[in-house]
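So the structure is just underneath, and the comments pick up after that.
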Amino acid sequence: MRIAEALRVSGIAAVDARVLLRFVLGWGDAHLAARPEQFLTEDQQDRYFSLLERRRAGEPVAYLTGEREFFSLGFRVTPAVLIPRPETELLVELALERIGPEARAQVLDLATGSGCVALAIARHRPRTRVTATDCSREALDVAIENARRLDVANVTFKLSDWFSALEGRKFDLIVSNPPYVADGDPHLDQGDVRFEPKRALIGGADGLDCIRHIVVHARRHFPGGGWLFFEHGYDQGARCRRLLARAGFAGILSRADLAGTERVSGGYAVRA
Ligand code: GLN
């Protein structure tokens with residue numbers, strides 16, 4: 001079968017079919033576009049069709065190829081971690097705005113998953129020391145592999161249930177993309193999310209359990225003052241700002257993603 005035909009008969013979104021075929025061939029997009037008449041080998045065809053079948057059954061493209069780009073860096077992903085999303089780049093942007101290129105800041109990323117947020121910050125601010133935690137050993141192993149592949153050395157990984165393994169540690173900036181979907185939210189039964197770890201998605205009855213925990217406990221890790229930023233659901237901005245205000249944060253703000261949805265909130269913990 002020729003490349004053009006393989007793409008035509010895929011039975012899935014054209015953009016996904018191209019990614020899967022490129023993955024099987026190990027080619028870039030331009031290479032694929034330039035060779036519509038080339039024949040696939042039998043082995044390539046078999047592998048492509050088995051991926052198409054899994055995609056038709058709903059498996060996310062990123063889990064099929066084992067990779068996803070985030071902040072222009074290539075990350076390895078497995079079903080042990082959430083698939084990095086473009087809106088989460090906001091967390092990195094807010095962090096980079098507050099850490100100067102030469103700053104030797106101590107940064108904490110809670111629930112790091114694939115490590116995408118921690119590693120993007122570390123890569124762009126080589127003088128910072130980033131600590132990245134997760135409560136899942138499997139997730140940490142993926143993050144550690146990503147650090148190795150991206151050759152980022154200024155990140156250390158730690159198994160920790162939120163702040164439990166961080167007693168006495170001080171930070172200048174804390175970021176997190178915690179689980180924040182409400183238990184029973186119909187969104188959990190749709191699309192890619194069905195295949196992602198529930199533990200990385202669900203934040204209790206109203207989705208805010210983890211965010212409440214982070215906001216309340218972050219304060220004592222900022223003895224010298226510091227910023228906290230976290231991602232949240234499309235309708236949680238106002239509640240997150242109230243939680244931050246009640247916990248004594250100053251300079252509270254929310255920032256919208258490209259779709260215009262409030263997606264990240266945070267504030268400044270003044271010096272203790
Ligand atoms: N944004 C994800 C979703 O759409 C949720 C990610 C998270 O809980 N941190 O389901």
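Numbering starts at 1 and runs along the sequence shown. Ligands are counted one by one from 1 in listed order, and the atoms in each one are counted from 1 as well. Here the structure is a predicted model, which means the values were calculated and not measured.
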| query | Taking the non-hydrogen atoms of Gly207, is any one of them nearer than 4.0 angstrom to ligand 1? | reply | no
| note | Within 4.0 Å of some non-hydrogen atom of Asn177, the atoms of ligand 1 are 7 (C), 9 (N)
| Listed once per pair and sorted, the ring pair (Phe, Tyr, Trp, His ring centres under 6.0 Å) pairs that draw on residues 85-138, sequence neighbours left out | Phe71-His124
| task | Could you list who else is in Leu258's hydrophobic cluster, with ILVMFWY side chains joined at under 4.5 Å, directly or through other members? | result | none
| Which value, rounded to the nearest 0.5 Å, describes the distance between Leu243 atom CG and Phe249 atom CZ? | 10.5 Å
| request: Please identify which atoms of ligand 1 are closer than 4.0 Å to at least one heavy atom of Pro179. | output: 8 (O)
| query | Is any N or O atom of Val181, backbone or side chain, closer than 3.5 Å to an N or O atom of ligand 1? | reply | no
| field | Distance-only side-chain donor-acceptor flag, Arg76 / Ser114, under 3.5 Å | value | no
| query | Does some non-hydrogen atom of Gly233 fall short of 4.0 Å from ligand 1? | reply | no
| task | Establish, yes or no, whether the cationic atom of Arg22 lies under 6.0 Å from the six-membered ring centre of Trp27 and within 45° of the ring axis. | result | no
| query | With a cut-off of 4.0 Å, which atoms of ligand 1 are near a heavy atom of Pro178? | reply | 7 (C), 8 (O), 9 (N)
| request: Could you check atom 2 (C) of ligand 1 against the protein and tell me its nearest heavy-atom contact, residue, atom and distance included? | output: Arg85 NE, 3.4 Å
| said: Please tell me whether Glu231 and Thr88 have a donor and an acceptor in their side chains that are separated by less than 3.5 angstrom. | reply: yes
| task | Specify the protein heavy atom at minimum distance from atom 3 (C) of ligand 1: its residue, its atom name, and the distance to 0.1 Å. | result | His187 NE2, 3.3 Å
| query | Among all protein non-hydrogen atoms, which one is nearest to atom 1 (N) of ligand 1, and what is the separation to 0.1 Å? | reply | Tyr180 OH, 2.8 Å
| remark: Interatomic distance, OH@Tyr48 vs CD1@Ile3, rounded to 0.5 Å, equals 10.0 Å
